[in-house]
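First the structure, in the form of structure tokens, and then the observations on it.
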Amino acid sequence: MSKSAKLAVLGSINADHILNLTHFPRPGETVIGEQYNVAFGGKGANQAVAAGRAGADIAFIACLGDDAIGERIRAQLAQDRIDTASVETVSGEPTGVALIFVNGEGENSIGICAGANAALTPDCVARHQQVIADASALLMQLESPLESVLAAAKIARAHQTQVILNPAPATSLDDELLALVDIITPNETEAESLTGIAVASDDDAARAAEALHAKGIATVLITLGRRGVWLSEQGKGQRIAGFTVKAVDTIAAGDTFNGAFITARLEGKSLHDAVRFAHAAAAIAVTRPGAQPSVPWRAEIDDFLLQQG
Ligand code: RIB
């Protein structure tokens with residue numbers, strides 16, 4: 001397959017321990033949970049799975065622990081149509097873990113132990129640089145060491161591989177990294193961390209997008225939850241509404257959006273149509289519990305869009 005159709009995803013892998021409860025515990029409070037599940041997650045893996053199930057030709061650069069759950073995750077990634085040759089098993093380290101509370105409104109609160117994800121160092125990235133060089137697009141998030149994200153972005157730039165950064169979880173970033181990004185996809189909180197502009201309206205989103213364009217980023221997509229996405233290309237912005245569904249939990253909704261969006265772009269869809277495709281994938285994901293268990297396959301996304309007319 002030609003370089004133009006290939007996707008590389010670099011990022012984290014976690015085992016998600018999910019506890020559903022009526023409300024988040026306050027400091028000092030114990031809340032009896034209603035349901036407990038362990039599911040496969042991690043922002044990098046979720047985005048890779050979303051791309052794989054949506055039909056992308058995808059290779060994943062990541063690190064797993066040398067434990068039983070790591071082996072199960074590797075097998076599942078392969079079933080999700082992902083090339084796992086660049087997923088390293090790190091001896092003596094556990095697979096990353098996320099502890100997730102989900103409240104009665106479907107909102108979540110997450111704490112993470114990086115485990116093997118911390119071994120995704122710049123040296124590790126260098127071992128897999130050919131995967132980035134061969135790809136047309138590189139999709140990353142911020143659950144991996146920042147210096148590794150920067151190293152990967154530099155390799156991508158040197159080989160004309162487009163860089164898509166989902167800057168989650170929220171943090172501030174150096175201009176050096178932002179200048180290497182072609183498409184950025186923050187949510188409102190992440191956009192505020194990057195620009196200092198609180199995003200509560202379309203005007204705010206337009207101003208935050210301008211600030212990110214000024215850092216050298218051509219395309220800015222600010223996800224706005226139920227209000228859709230603010231899409232700004234070279235300073236021209238528009239809001240693209242999402243689909244209304246009954247959400248049970250929003251874990252991995254953003255990850256599903258990112259994986260589906262870049263898959264659609266690599267197929268040649270316009271930015272607008274790729275956002276609509278990604279909205280559909282994310283809308284399906286929020287109707288189901290968990291991270292990767294909620295990520296839809298291509299046929300489901302196509303059916304959903306057909307039903308929307
Ligand atoms: O974006 C959702 C993901 O964040 C979860 O799967 C969890 O692992 C954390 O990384």
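When reading the values below, keep in mind they use all heavy atoms of this one structure, side chains included, and skip hydrogens, waters and symmetry mates.
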By side chain to side chain contact (heavy atoms under 4.5 Å, CB included), which residues pair with Ser144, not counting sequence neighbours?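 Side chain to side chain contact (heavy atoms under 4.5 Å, CB included) list for Ser144, sorted by chain: Leu10, Leu120, Val149.
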
Residues in side chain to side chain contact (heavy atoms under 4.5 Å, CB included) contact with Glu34, at least two apart in sequence or another chain: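 Glu34: side chain to side chain contact (heavy atoms under 4.5 Å, CB included) contacts with Thr22.
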
Answer whether the closest heavy-atom distance between the side chains of [X] and [Y] falls below 4.5 Å.
X: Leu77; Y: Ile73; result: yes
X: Val181; Y: Leu173; result: no
X: Trp230; Y: Val199; result: no
X: Leu142; Y: Leu165; result: yes
X: Pro122; Y: Ser148; result: yes
X: Leu180; Y: Leu150; result: yes
X: Ser193; Y: Thr171; result: no
X: Ile184; Y: Pro167; result: yes

According to a 4.5 Å side-chain heavy-atom criterion applied to Ile, Leu, Val, Met, Phe, Trp and Tyr, with indirect links allowed, do [X] and [Y] form part of one hydrophobic cluster?
X: Leu224; Y: Leu194; value: yes
X: Tyr36; Y: Phe40; value: yes
X: Leu21; Y: Ile251; value: no
X: Ile301; Y: Val275; value: no
X: Val245; Y: Leu305; value: yes

Roughly how far, to the nearest 0.5 Å, is the [atom2] atom of [Y] from the [atom1] atom of [X]?
X: Leu212; Y: Ile197; atom1: CG; atom2: CD1; answer: 8.0 Å
X: Ser270; Y: Arg276; atom1: OG; atom2: CZ; answer: 10.5 Å
X: Asp57; Y: Asp83; atom1: CG; atom2: CG; answer: 8.0 Å
X: Leu266; Y: Gln162; atom1: CG; atom2: CD; answer: 7.5 Å
X: Ile61; Y: Cys124; atom1: CD1; atom2: SG; answer: 8.0 Å
X: Leu271; Y: Ile240; atom1: CG; atom2: CD1; answer: 8.0 Å

So, using side chain to side chain donor-acceptor pair (under 3.5 Å) as the criterion, who are the partners of Asn187 when residues are at least two apart?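 With neighbours one apart ignored, the set is Glu190.
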
What is the minimum heavy-atom distance between [X] and [Y], and which atoms define it?
X: Val286; Y: Ala253; value: CG1-CB, 3.5 Å
X: Asp16; Y: Gly42; value: OD1-N, 4.0 Å
X: Ala5; Y: Ser136; value: N-CB, 4.4 Å
X: Asn117; Y: Gly11; value: OD1-O, 4.5 Å
X: Ser232; Y: Ala209; value: CB-CB, 3.6 Å
X: Ile13; Y: Ala45; value: CG1-CB, 4.0 Å

Any donor-acceptor N/O pair, [X] side chain to [Y] backbone, under 3.5 Å:
X: Glu143; Y: Ser12; value: no
X: Thr161; Y: Ile132; value: yes
X: Asn103; Y: Glu105; value: yes
X: Asn166; Y: Thr185; value: yes
X: Arg239; Y: Asp202; value: no
X: Arg81; Y: Gly52; value: yes
X: Asp67; Y: Thr95; value: yes

Take Val229 and Thr223 through the test side chain to side chain contact (heavy atoms under 4.5 Å, CB included) and record every step on the way to the result. CA-CA 4 Å; Val229 158; Thr223 54; 3.7 Å; yes

Could you walk me through whether Leu64 and Ile69 pass the side chain to side chain contact (heavy atoms under 4.5 Å, CB included) test, one step at a time? CA-CA 9 Å; Leu64 278 169; Ile69 197 154; over 6 Å; no

Assess whether atom NZ of Lys269 is packed by more than 12 heavy atoms of other residues, nucleotides or ligands within 6.0 Å.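 Counting neighbours around NZ of Lys269, more than 12 heavy atoms of other residues, nucleotides or ligands fall under 6.0 Å, so yes.
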
Above 12 or not: heavy atoms from other molecules or residues under 6.0 Å from CD1 of Ile32?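 No, the 6.0 Å shell around CD1 holds no more than 12 heavy atoms from other groups.
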
Qualifying residue for side chain to side chain contact (heavy atoms under 4.5 Å, CB included) with Phe60, from Val87, Leu139, Val49: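 The residue from Val87, Leu139, Val49 that satisfies side chain to side chain contact (heavy atoms under 4.5 Å, CB included) with Phe60 turns out to be Val87.
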
Salt bridge (Lys or Arg N to Asp or Glu O under 4.0 Å) with Glu300: which residues, sequence neighbours excluded?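 Applying salt bridge (Lys or Arg N to Asp or Glu O under 4.0 Å) to Glu300 gives Arg288.
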
Enumerate the ring-ring contact (aromatic ring centres under 6.0 Å, His included) contacts for residues 262-284, please, sequence neighbours excluded, ordered by first and then second residue.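 Qualifying pairs, neighbours excluded: Phe257-His279.
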
Do [X] and [Y] meet the criterion of a side-chain donor-acceptor pair at a distance under 3.5 Å?
X: Thr263; Y: Arg298; result: no
X: Ser91; Y: Asp66; result: no
X: Glu88; Y: His128; result: yes
X: Gln292; Y: Gln76; result: no

Take Gln35 and Ile18 through the side chain to side chain contact (heavy atoms under 4.5 Å, CB included) test and state the conclusion after the steps. CA-CA 8 Å; Gln35 211 183 342; Ile18 306 169; over 6 Å; no

Check against side chain to side chain contact (heavy atoms under 4.5 Å, CB included), Val295 and Asp255: CA-CA 9 Å; Val295 174; Asp255 298 331; over 6 Å; no

Only one of Asp174, Thr195, Asp175 forms a side-chain hydrogen bond (donor to acceptor under 3.5 Å, both in side chains) with Lys215, so which one is it?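 Passing option: Asp175.
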
State whether Arg207 and Asp204 are salt-bridged, where the test is any N-O pair (Lys NZ or Arg NE/NH1/NH2 against Asp/Glu carboxylate O) under 4.0 Å.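 Judged by the 4.0 Å cut-off on N to carboxylate O distance, Arg207 and Asp204 do form a salt bridge.
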
Using the ring of each side chain (for Trp, its six-membered ring), is Phe304 parallel, tilted or perpendicular to Phe243, with breaks at 30° and 60°?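 Rings of Phe304 and Phe243: perpendicular, as their planes differ by over 60°.
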
Tell me the side-chain hydrogen bond (donor to acceptor under 3.5 Å, both in side chains) pairs involving residues 242-254, sequence neighbours left out?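 Only Asn108-Thr250 qualify under side-chain hydrogen bond (donor to acceptor under 3.5 Å, both in side chains).
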
